[in-house]
Amino acid sequence: AATFDTAFVGTSQHARHTHGIVANTQPSAPHGHAPSCSLHSANRNAIGALRWAVVDRGCTVVSQSFHRSTEPGSGDLQSDDIYKDWLATRSPFPTIVQAAGNYWATDPDGIMPPESEFVNHKTYNGLVVANHDDAAGAMSGDSVFRNPTTPRADRELPEIAANGTAVTTVGLTMSGTSMAAPA
C-alpha cells in the first residue's frame, strides 16, 4: 500500500470506510470485495493524485468518491472528466469507478432544489455508480441522477447501481454513492 501525500497525517472516516469496502480483512467482520488487492490512497483531490495512482503506481481500478464544487452545478464535462477519459485509454487502461453523488435539502453544494444537481462525474470511459439498498429494488432517493449536457441529449447517468445503504466495515456504518462505488 502507498499514499500519494505522505505529509498528510491521518485518514478521514470516509476514506477508511471506502478502503474497508474494497480491502477489509478485519477478523470477525465482513471482508471487502477485493481483500487481497494492493490498495493505494490518492488522498488528495488533485489531478496529480489521480496521475500518481494510474501512471506512477499502475492502478488498474480506481474508485473515486470525492467531487469538486463545480461538478454538481454543471452538466458539462469538467477537466477531471476529460483527464480520466484520457487515462482510461492508455496503459494500464484503468477501470475508473465514480460515485454519482448524493443530494439532500441541506447539501453544502447549495443547489436548490437539490434535484437540480447534475451527476458529479461525467466521463465517457468510466462507470458512474448510484446507490441502492441490499434488496436492489430501487435506486436510493438521494442518489444524483440528472444527466449531463450533450449535443443530442443522449447520455444516461449513472450507468450502474450497487449497495451503498447502511454499509458496515472497519467499525463504521455509512450510506451513499461513495459506499456504492467501491462495491
Side-chain angles (χ1 to χ4, degrees), residues 1 3-5 8 10-24 26 29-35 37 39-47 49-50 52-54 59 61-74 78 80-81 83-84 88 94-111 114-115 117-123 126-136 138-148 157-183:
T3 303
F4 170 68
D5 185 350
F8 180 72
T11 303
S12 70
Q13 287 189 345
H14 183 272
R16 280 187 38 235
H17 196 263
T18 58
H19 293 172
I21 293 167
V22 173
N24 186 37
Q26 179 182 349
H31 288 292
H33 292 281
C37 77
L39 187 64
H40 303 291
S41 182
N43 57 344
R44 289 285 185 233
N45 64 354
I47 284 186
L50 185 58
W52 168 84
V54 174
C59 293
V61 178
V62 173
S63 176
Q64 182 180 4
S65 294
F66 72 86
H67 70 274
R68 299 192 191 293
S69 60
T70 56
E71 292 173 310
S74 172
Q78 304 285 306
D80 286 19
D81 297 319
Y83 185 61
K84 287 181 282 188
T95 300
I96 301 176
V97 184
Q98 304 145 102
N102 312 293
Y103 63 78
W104 58 93
T106 58
D107 185 345
D109 292 327
I111 297 170
E115 352 10 279
E117 184 172 326
F118 286 93
V119 168
N120 296 178
H121 305 285
K122 302 160 189 75
T123 60
L127 289 173
V128 177
V129 184
N131 168 26
H132 68 62
D133 62 14
D134 281 333
M139 191 165 72
S140 174
D142 63 359
S143 286
V144 176
F145 58 89
R146 185 170 178 204
N147 294 322
L157 295 178
E159 286 117 345
I160 193 168
N163 180 31
T165 302
V167 177
T168 300
T169 187
V170 298
L172 300 167
T173 300
M174 296 181 167
S175 296
T177 60
S178 291
M179 284 68 250

Looking at residues at least two apart in the chain, or sitting in another chain, which of them share a ring-ring contact (aromatic ring centres under 6.0 Å, His included) with Phe66?
-> none
Quick one: side chain to side chain contact (heavy atoms under 4.5 Å, CB included) partners of Ile160, sequence neighbours excluded?
-> Val129
Within 6.0 Å of CD in Gln13, more than 12 heavy atoms from elsewhere = no
Pairs satisfying side-chain hydrogen bond (donor to acceptor under 3.5 Å, both in side chains), at least one member in residues 157-169, at least two apart | Asn24-Thr169, Asn131-Thr165, Asp134-Asn163, Thr168-Thr173
Ser41 versus Asn43, side-chain donor and acceptor atoms under 3.5 Å | no
Measure from the side-chain N and O atoms of Lys84 to the backbone N and O of Lys122, and report whether any donor-acceptor pair falls under 3.5 Å.
-> no
Mind checking what makes side chain to side chain contact (heavy atoms under 4.5 Å, CB included) contact with Tyr103, not counting sequence neighbours?
-> Asp107, Pro114, Glu115, Glu117, Val144, Phe145
Residue list, side chain to side chain contact (heavy atoms under 4.5 Å, CB included) with Ala46, at least two apart or on another chain | none
Return the set of residues passing salt bridge (charged side-chain N to carboxylate O under 4.0 Å, His left out) with Arg44 (not counting sequence neighbours), or none when no residue passes.
-> Asp5
Verify whether one side chain among His14 and Ser65 offers a donor that lies under 3.5 Å from an acceptor in the other.
-> no
Nearest-0.5 Å distance, CG of residue Leu157 to OG1 of residue Thr123 | 7.5 Å
Measure the spacing between CZ of Arg68 and CD1 of Ile47 and express it to the nearest 0.5 Å.
-> 6.0 Å
Checking Ser74 side chain against Glu71 main chain: does a donor-acceptor pair fall under 3.5 Å?
-> no
